[in-house]
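Each remark here refers to the structure printed beneath this line.
Basis for what follows: all heavy atoms, side chains included, without hydrogens, waters or symmetry-related copies.
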Amino acid sequence: MFKTYEEIRVWREEMIESVSGDHLQLNAFHDQLIHHTFHLAKEKVEREQGPPPAPFAFFLMGSAGRYEQSLWSDQDHGIIFDGDEKHQDYYLVLGKEIREGMAVVGYERCEGNVMASNPLWCQSVELFTVQITEWLKEAEWQALRHFLIFFDSRVLVGERDLLFQVKKASFAVIDEEPALLTRLLDNVNYVKKGVGVFGQLLPDYSGEKKGHFNLKQTVYFPYINALRILSLFHHVTSSSTLSRFEALRSLYPTLSEYENDFRQFLQQRLKLKKDAEDYQHVHVIKVEQLMKEEKQELKKQVKRAQKLHQMAKTIIKEGRR
């Protein structure tokens, strides 16, 4: 269908507005864009290097892994393969081509280098399992950060079971060392205060984003961090926050209310940021530009997200299944 990455970018520019009002339609479109980009990259590498030497999976992480991308998103992806260590070189070449293709299509390269072009995120099932186990047993801040990034992953193309195997191995490690859940919770314990003592929204007061309210840190992160830690606690392998709500609501009936709040937030985020021009501005909004009703809704979301985050912390610390 597409012969160049530039053609995919043009398609994105032509179509993105038509799906920008619905969270699920928008993310389905992102999947299509990345899927087409992946196949162009794979075809190019196959012409130059031959066919893939082993079964593999190309997986997404970050907001793409959670099926929660907004209009703009950066790259977070990896490759896992079922083969010898010597096959890594082939998949790193593929990862680099995917990275460059996605950049042309409109996805910024990840500042943290969480991409399949990085050997850390392009490994065999065996080595990924060893890596995940080491991250968890090391239990240092950066190691656990890497693990949490990995856990929000889903396969876009390829063998889904390869990723599932590694996630199952991580559950086994956590079951052996339950204190890890508290360490993982500490890793995401900071929640940016969004509402002041007088009930006002709290924007950044200095720097480049002065006067802007951070939707990502004050509302979005508390929701996703709460559902992620509960999913680890209950061995839920799903990556999207909505699918985690679905898997866990029978255990915690009050989650249904928070799930509705989260769905509303995803739609509100799209509405507020429909005119964002790049990835740097898709998560912040000027408080002075908000209408009274929008401010009220955001304040409600801040309180609900942070209440859910506190609820998850209590569950983990009390060890309630």
Side-chain angles (χ1 to χ4, degrees), residues 16-17 19-27 29-30 61-76 106-108 110-112 148-149 152 188-196 198-229 239-242 244-245 257-310 312:
I16 195 84
E17 187 175 347
V19 297
S20 64
D22 183 273
H23 167 74
L24 294 177
Q25 287 184 21
L26 175 61
N27 276 271
F29 183 57
H30 277 301
M61 295 174 282
S63 60
R66 291 186 299 270
Y67 206 71
E68 290 162 7
Q69 294 181 92
S70 190
L71 287 179
W72 296 95
S73 178
D74 67 346
Q75 300 184 39
D76 294 283
Y107 298 92
E108 289 189 18
C110 175
E111 288 186 3
L148 291 172
I149 291 170
D152 288 357
V188 294
N189 198 34
Y190 171 75
V191 175
K192 187 179 178 68
K193 193 174 181 182
V195 177
F198 300 110
Q200 79 279 25
L201 290 174
L202 295 176
D204 288 343
Y205 289 107
S206 61
E208 185 183 345
K209 297 294 190 295
K210 182 178 179 181
H212 287 75
F213 184 79
N214 195 307
L215 299 168
K216 189 174 185 178
Q217 293 184 0
T218 54
V219 183
Y220 182 53
F221 276 174
Y223 275 122
I224 66 171
N225 289 334
L227 270 293
R228 185 197 293 120
I229 200 70
S239 62
S240 81
T241 306
L242 288 175
R244 289 169 174 172
F245 268 117
E257 298 173 23
Y258 292 104
E259 180 181 355
N260 290 333
D261 292 329
F262 183 65
R263 288 180 184 275
Q264 290 172 14
F265 170 70
L266 291 175
Q267 288 301 123
Q268 184 185 24
R269 182 181 65 165
L270 289 181
K271 179 181 176 183
L272 291 174
K273 299 307 301 177
K274 66 181 185 298
D275 297 323
E277 296 180 354
D278 55 41
Y279 176 66
Q280 302 305 321
H281 293 87
V282 80
H283 298 299
V284 295
I285 186 151
K286 280 190 175 181
V287 172
E288 63 185 33
Q289 292 179 346
L290 293 169
M291 297 173 61
K292 182 180 179 180
E293 295 79 9
E294 292 170 335
K295 289 180 181 178
Q296 290 300 115
E297 179 62 25
L298 266 185
K299 283 189 277 189
K300 172 196 157 189
Q301 286 288 2
V302 170
K303 292 174 182 176
R304 294 292 287 167
Q306 297 185 4
K307 186 176 179 181
L308 175 61
H309 190 264
Q310 185 58 48

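Distance CG/Asp152 to OG1/Thr241: 7.0 Å, rounded to 0.5 Å. Separating the CE atom in Met291 from the CD atom in Gln296 is a distance of 12.0 Å, to the nearest 0.5 Å. For the atom pair CZ (Phe213) and NZ (Lys295), the distance works out to 11.5 Å, reported to the nearest 0.5 Å. To the nearest 0.5 angstrom, His30 atom NE2 is 7.5 Å from Ser63 atom OG.
Aromatic rings from His309 and Phe221 are positioned such that their centres are separated by 6.0 Å or more.
The shortest distance between side-chain heavy atoms of Tyr220 and Leu215 does not fall below 4.5 Å. Here the side chains of His23 and Leu270 are in contact, with some heavy-atom distance below 4.5 Å. Within the 4.5 Å cutoff, no side-chain heavy atoms of Leu266 are placed close to those of Tyr223. Using a 4.5 Å heavy-atom cutoff, the side chains of Gln69 and Asn27 are in contact. Between Thr218 and Leu298 the shortest side-chain heavy-atom distance does not fall below 4.5 Å. Between Arg304 and Phe265, the closest side-chain pair of non-hydrogen atoms is not below 4.5 Å. Contact of the Trp72 side chain with the Glu108 side chain is not registered, since no non-hydrogen atoms from C-beta on lie closer than 4.5 Å. For the pair Val188 and Leu148, the minimum side-chain heavy-atom distance is below 4.5 Å.
Residues Ser240 and Tyr67 approach most closely at CB-CB, 4.2 Å, considering heavy atoms. Nearest heavy-atom pair across Ile224 and Glu68 is CG2-OE1, 3.7 Å. Scanning both residues, Ile229 and Ala312, for their nearest heavy atoms gives CG2-CB, 4.0 Å. Contact record, Ile16 with Leu71: CG1-CD2, 4.0 Å, taken as the closest heavy-atom pair. The two residues Gln217 and Pro222 make their nearest non-hydrogen contact at O-CD, 3.6 Å.
Ionic pairing of Arg66 and Asp76 is not present here: no N-O contact between side-chain nitrogen and carboxylate oxygen is shorter than 4.0 angstrom.
Using modelled atom types and a 3.5 Å distance limit, the side chains of Gln268 and Lys271 yield no donor-acceptor pair. At a cut-off of 3.5 Å, with distance as the only test, no side-chain donor of Arg263 or Asn260 sits close to an acceptor on the other residue.
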Working for side-chain contact (heavy atoms from CB on, under 4.5 Å), residues Asp261 and Leu308: CA-CA 11 Å; Asp261 292 329; Leu308 175 61; over 6 Å; no
Check against side-chain contact (heavy atoms from CB on, under 4.5 Å), Ile285 and Glu294: CA-CA 11 Å; Ile285 186 151; Glu294 292 170 335; over 6 Å; no
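Among the candidates Gln301, Glu259, Arg269, the single residue satisfying the side chain to side chain contact (heavy atoms under 4.5 Å, CB included) test with Gln264 is Gln301.
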